[in-house]
Amino acid sequence: MPTLFEHAGGEEALHRLEETFYASVLADPLLKRLFGEGRPHHVDHLTAFTAESFGGADRFTRELGGFIHLIAAHRHWRITEVERQRFVDLYMQALDTAGMPDDQPFRDAVREHIEFGSRVAMQNSHAETDDQLHPLREVPRWTWPGDDT
């Protein structure tokens, strides 16, 4: 069975997805406070993170600061549940806009990944101390629904 990375179409397809998604959050009035005018490197970082999570190269961990960078990036933003859910909704819409595979197992895996990741980011955004951070400290490796390998 191919990895989620392979099934998605590899780095190029994930870059297209993240570019589409990032444009949508920058234009969204609810998420504007979290993303502002954007950062030039953000699409590349999102692509590397998703690629690594889905079974691609570990460039996010090796070259881009890894999960510790994500913890620092989300600290003190106080992400609300409404913002978190909007983030998830826009990501799922971006799958269609970017022409990603539309089979249910892939879509379910992506939704689980985004739901989990956005909950971790929301928890970390409210943490006042390191003890309040989510215990995750490395890029999660995501697989197909029901695959426990």
Side-chain angles (χ1 to χ4, degrees), residues 3-102 104 106-143 145:
T3 64
L4 293 173
F5 175 79
E6 293 163 337
H7 188 76
E11 189 93 16
E12 184 178 318
L14 290 176
H15 187 271
R16 185 176 65 247
L17 168 63
E18 299 302 358
E19 201 167 46
T20 301
F21 168 68
Y22 196 59
S24 73
V25 297
L26 291 179
D28 188 82
L30 181 63
L31 298 179
K32 188 76 170 166
R33 80 165 186 95
L34 299 173
F35 290 92
E37 298 301 316
R39 295 184 184 93
H41 64 275
H42 212 156
V43 169
D44 180 56
H45 286 203
L46 288 169
T47 302
F49 177 80
T50 304
E52 186 171 332
S53 293
F54 284 5
D58 65 349
R59 188 170 71 88
F60 187 83
T61 295
R62 285 184 299 103
E63 299 174 15
L64 301 175
F67 207 80
I68 298 303
H69 168 76
L70 281 183
I71 292 171
H74 293 116
R75 286 296 283 267
H76 310 298
W77 279 105
R78 301 204 168 283
I79 298 167
T80 68
E81 176 57 26
V82 172
E83 291 167 333
R84 187 200 70 77
Q85 188 57 59
R86 181 68 178 153
F87 180 94
V88 171
D89 292 344
L90 289 177
Y91 201 93
M92 297 309 291
Q93 289 172 18
L95 291 169
D96 291 329
T97 305
M100 300 302 287
D102 63 358
Q104 201 59 53
F106 179 73
R107 293 298 174 103
D108 288 348
V110 172
R111 177 171 290 282
E112 288 173 9
H113 178 259
I114 293 303
E115 288 282 354
F116 175 77
S118 63
R119 289 183 194 288
V120 170
M122 188 170 78
Q123 179 176 338
N124 290 344
S125 79
H126 288 270
E128 296 294 329
T129 68
D130 288 351
D131 289 341
Q132 295 171 339
L133 291 169
H134 191 281
L136 186 65
R137 295 292 184 273
E138 59 188 32
V139 174
R141 296 298 181 145
W142 223 257
T143 60

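Everything numeric here is computed off the predicted structure, so don't read it as measured data.
Nearest heavy atom pair, residue His15 against residue Val43, reads NE2-CG1, 3.5 Å. In plain terms, the two heavy atoms of Ala8 and Leu14 that are nearest each other are CB-CD2, 3.9 Å. Between Arg141 and Gly55, the closest heavy-atom pair is NH1-CA, 4.1 Å. Considering every non-hydrogen atom in both Ala127 and His76, the closest pair reads O-CE1, 3.9 Å. Between Ala51 and Phe5 the shortest heavy-atom distance is CB-CE1, 3.6 Å. Between Tyr22 and Gly38, the shortest heavy-atom contact is OH-CA, 3.0 Å.
Looking at heavy atoms from C-beta onward, His74 lies out of side-chain contact with Gln123 at the 4.5 angstrom threshold. Residues Phe49 and Leu70 meet the side-chain proximity criterion, which asks for heavy atoms closer than 4.5 Å. Glu112 has its side chain out of reach of Thr143: every pair of non-hydrogen atoms, C-beta onward, lies at least 4.5 Å apart. Counting heavy atoms from C-beta on, the side chains of Tyr91 and Glu115 never come closer than 4.5 Å.
Within 6.0 Å of CD on Glu81 lie more than 12 heavy atoms contributed by other residues, nucleotides or ligands.
Note: Arg119 CZ to Asn124 CG = 14.0 Å, rounded to the nearest 0.5 Å. To the nearest 0.5 Å, atom CD of residue Glu12 and atom CG of residue Leu17 are 13.0 Å apart. Distance check: Met100 CE to Leu95 CG gives 6.5 Å after rounding to the nearest 0.5 Å. Between Gln132 atom CD and His126 atom NE2 the span is 11.0 Å, to the nearest 0.5 Å. The line from CZ of Phe21 to CD1 of Ile114 is 6.5 Å long, rounded to the nearest 0.5 Å. Summarising the geometry, atom CZ belonging to Phe35 is positioned 10.5 Å from atom CG belonging to Leu30; distances are rounded to the nearest 0.5 Å.
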Kindly determine whether Met92 and Asp89 satisfy side-chain contact (heavy atoms from CB on, under 4.5 Å), including the steps that lead there.
CA-CA 5 Å; Met92 297 309 291; Asp89 292 344; 5.9 Å; no
Report the C-alpha separation of Val139 and Asp58 in whole Å, then their side-chain angles, then the decisive distance to 0.1 Å, and conclude whether the side-chain contact (heavy atoms from CB on, under 4.5 Å) test is met.
CA-CA 9 Å; Val139 174; Asp58 65 349; over 6 Å; no
Using the side-chain contact (heavy atoms from CB on, under 4.5 Å) rule, take Glu37 and Lys32 through it: C-alpha gap first, then chi angles, then the decisive distance, then the call.
CA-CA 8 Å; Glu37 298 301 316; Lys32 188 76 170 166; 3.3 Å; yes
Would Phe116 and His134 count as a ring-ring contact (aromatic ring centres under 6.0 Å, His included) here? Give the steps.
CA-CA 11 Å; Phe116 175 77; His134 191 281; 5.8 Å; yes
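The closest donor-acceptor contact from the side chain of Ser125 to the backbone of Met122 lies under 3.5 Å. The backbone N or O of Pro101 sits less than 3.5 Å from a side-chain atom of Arg107, completing a donor-acceptor pair. At least one donor-acceptor pair closer than 3.5 Å links the side chain of Trp142 to the backbone N or O of Ala109. Between the side chain of Arg16 and the backbone N or O of Ala98, at least one donor-acceptor pair lies under 3.5 Å.
When each of His69, Glu138, Glu52 is tested with Thr61 by the rule side-chain contact (heavy atoms from CB on, under 4.5 Å), just one qualifies, namely Glu52.
Salt-bridge annotation for Asp130 and Arg75: present, with a side-chain N of the basic residue lying under 4.0 Å from a carboxylate O of the acidic one. A salt bridge does not link Asp44 to Arg39: none of the charged nitrogens lies less than 4.0 Å from a carboxylate oxygen.
Every residue two or more places apart in sequence or in another chain that forms a side-chain hydrogen bond (donor to acceptor under 3.5 Å, both in side chains) with Thr80 is listed here: Glu83.
Gln93 and Ser24 share no side-chain donor-acceptor pair at under 3.5 Å.
Relative ring orientation between His113 and Phe54 is described as perpendicular, the plane-to-plane angle rising above 60° on a 0-90° scale split at 30° and 60°.
Listed by first then second residue, pairs satisfying salt bridge (charged side-chain N to carboxylate O under 4.0 Å, His left out) with a partner in residues 18-29 read Asp28-Arg86, not counting sequence neighbours.
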